[in-house]
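Reading through the structure tokens given below for one structure.
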Amino acid sequence: MIYTVTLNPSLDYIVTVPGFAIGATNRTREEQMLPGGKGINVSLVLNQLGVENTAFGFQAGFVGEEIRRRLEILHCSADFIRLASGTSRINIKLKNYEGTEINGMGPEVSAGEWEQLLEKLNNLLAGDTLVLAGSIPVSLSNDIYREIMDMLAGKDIDVVVDAAGEALLSVLEVHPFLIKPNRDELGQIFDRKLASRKDIMECAGKLQRRGARNVLVSMAGDGALLLSEDGRIYEAPAPEGELVNGVGAGDSMVAGFLAGWQKSSDPSYAFRMAVAAGSASAFSDHLADAEQIGRLMGEIEEKEISGFFY
């Protein structure tokens with residue numbers, strides 16, 4: 001069974017605003033209101049791929065209720081903890097301005113509410129997979145993902161971490177099954193501009209040597225790289241298509257990889273499904289469906305890189 005955790009879920013208000021201007025009244029031409037958060041996105045794409053899963057997280061106030069309602073409409077199995085105070089976030093995404101967005105802070109999580117989530121996670125069983133994805137509420141420490149992994153150590157649970165900065169670095173020495181930085185996040189970790197494939201592999205290799213078992217790096221229109229636990233390195237270009245909406249593409253890659261891994265335990269196959277799922281979502285108004293992913297799966301031509309020592 002796969003479980004996802006979204007500590008700071010949101011309603012994503014995705015709008016197209018032609019000719020957006022500072023200091024003026026702007027009007028939308030298109031708009032969507034969708035449940036958001038990286039773990040939620042992973043759960044929704046896993047649903048599309050027929051993979052049973054449950055989404056954990058926190059919800060607060062009337063926005064939290066709307067997130068829960070919309071997840072029910074989408075047939076997403078969610079087991080959220082209702083917070084006593086505050087309101088879940090509303091994030092504004094300007095679809096036609098290169099991913100420009102305004103993300104809210106979200107509510108505070110009390111010590112007792114945090115313990116409620118830990119109790120749920122402590123019930124996971126050997127062979128389960130846990131996805132820890134996205135931003136951490138300001139009321140919780142940046143090493144909170146590490147705390148979860150320490151609690152689950154020795155239980156034979158594969159943990160996936162899709163986070164940035166210290167939240168990612170703190171978990172490496174407890175050997176997450178998969179991490180998925182994008183190229184920019186990878187560059188920020190090492191405070192350098194990653195101008196070439198060699199640069200990206202070098203930095204990804206450093207994260208793997210620090211403990212990550214599999215490192216999947218998304219590179220937007222330039223495709224993706226996978227450093228697998230068995231020592232192999234794979235790369236694949238992005239398939240041809242029109243970028244419609246980049247929100248959720250990286251989360252879709254995580255879902256695709258897990259679905260492919262669950263089906264085959266083959267890193268090459270899982271990698272191709274990851275690239276197909278991420279690309280299909282990027283070519284869609286929101287998250288991709290199984291038909292779109294299956295169609296692109298046949299177009300992905302990954303290759304194994306040899307002779308590179310990082």
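Quick caveat: nothing in here was measured; it's all calculated off a predicted structure.
The cationic atom of Lys206 (NZ for Lys, CZ for Arg) lies less than 6.0 Å from the six-membered ring centre of Phe190 and within 45° of the ring axis.
Using a 4.0 Å cut-off between charged nitrogen and carboxylate oxygen, Glu72 and Arg69 do not count as a salt-bridge pair. A salt bridge does not link Glu202 with Lys198: every distance from a Lys NZ or Arg NE/NH1/NH2 to an Asp or Glu carboxylate oxygen is 4.0 Å or more. With respect to the salt-bridge test (charged N to carboxylate O, under 4.0 angstrom), the residues Arg210 and Glu173 do not qualify.
Judged by distance alone, with hydrogens and angles left aside, the side-chain atoms of Ser77 form no donor-acceptor pair with the main-chain N or O of Thr54 at under 3.5 Å. Side chain of Asp162 to main chain of Gly134: no donor-acceptor pair is present (N/O by atom type, distance under 3.5 Å, no hydrogens or angles). Judged by distance alone, the side chain of Glu101 and the main-chain N or O of Asn91 form no donor-acceptor pair under 3.5 Å. Under a 3.5 Å cut-off, the side chain of Glu299 and the backbone N or O of Leu296 do not form any donor-acceptor pair. Side-chain atoms of Lys155 come within 3.5 Å of backbone atoms of Asn122 as a donor-acceptor pair (strictly under, hydrogens ignored).
Side-chain contact check for Gln59 versus Glu65: some heavy-atom pair is nearer than 4.5 Å. Taking 4.5 Å as the limit, every side-chain heavy atom of Arg232 sits out of range of all side-chain heavy atoms of Pro267. Side-chain contact between Ile2 and Leu258 is present, with at least one heavy-atom pair separated by less than 4.5 Å.
Distance check, rounded to the nearest 0.5 Å: CG of Leu46 to CG of Asn53 gives 5.0 Å.
In summary, the side chains of Asp266 and Ser268 do not present any donor paired with an acceptor at a separation below 3.5 Å, with no hydrogens or angles considered.
Using bins of under 30°, 30° to 60° and over 60° for the plane-to-plane angle, the ring pair Trp114/Phe58 lands in the tilted bin.
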